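Everything numeric here is computed off the predicted structure, so don't read it as measured data.
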Amino acid sequence: MTPQGNESESKYTQQHLANERTYLAWIRTAVALVGLGFLAAGLVFGDNRYSGVGHMVAAIAGISAVLLGGGVVAGATWDYLRKREGINKEQFRSSSMLIRLVFFSLTAIELLLIVLVVLMLYRNPF
């Protein structure tokens, strides 16, 4: 990096540090999503009492959560680099695409998990 680039970044140290904290928060979110995916798949696959539909719903929810976690990592990295450049150019644009992606994807996964719980309760009522 050129000396001028270092001066530009050091001029906005607080903003760059905040950008890094935001990036790390997204990474933690992605790790939680991947964990949710493994949990969803493990709930049903560990027990053979449930129907094929239950296994399918668990698989779809689990795989979707893992894929969403990977998508969040990719989107957060792209957003971090975009914001880094914007900070140095004294321009800022908030990220709405990543927020929408996570919202709609989590809503779909949540609905799948609700279906999974209903199927589990239907097969084995209290």
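- In this structure, OG on S64 lies 10.5 Å from CG on L106, to the nearest 0.5 angstrom.
- Among I63, L36, L33, T29, the one residue that satisfies the side-chain contact (heavy atoms from CB on, under 4.5 Å) test with L68 is L33.
- When all heavy atoms of A30 and V73 are compared, the pair lying nearest together is CB-CG2, 3.5 Å.
- Residues W78 and V31 do not share a hydrophobic cluster, clusters being chains of Ile/Leu/Val/Met/Phe/Trp/Tyr side chains in contact below 4.5 Å.
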Stepwise side chain to side chain contact (heavy atoms under 4.5 Å, CB included) test for M97 and L101: CA-CA 6 Å; M97 184 180 73; L101 167 75; 5.6 Å; no
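- We find the CZ-CG distance between R82 and N19 to be 9.5 Å, quoted to the nearest 0.5 Å.
- The CG atom of D79 lies 8.5 Å from the OG1 atom of T22; values are rounded to the nearest 0.5 Å.
- Comment: E90 engages K11 in a salt bridge, judged by a side-chain N to carboxylate O separation of less than 4.0 angstrom.
- I87 CD1 to L17 CG: the interatomic distance, rounded to the nearest 0.5 Å, is 9.5 Å.
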Evaluation steps, side chain to side chain contact (heavy atoms under 4.5 Å, CB included), between V102 and W26: CA-CA 10 Å; V102 171; W26 279 112; 3.7 Å; yes
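- Distance OH/Y23 to CZ/R84: 12.5 Å, rounded to 0.5 Å.
- Considering only residues two or more places apart in sequence or on other chains, R21 meets the side chain to side chain donor-acceptor pair (under 3.5 Å) condition with none of them.
- Grouping the Ile, Leu, Val, Met, Phe, Trp and Tyr side chains by contacts below 4.5 angstrom, directly or via other members, places I60 with I109.
- Residues I27 and L81 share a single hydrophobic cluster, defined by chaining ILVMFWY side chains whose heavy atoms lie under 4.5 Å apart.
- To the nearest 0.5 angstrom, K89 atom NZ is 4.0 Å from E85 atom CD.
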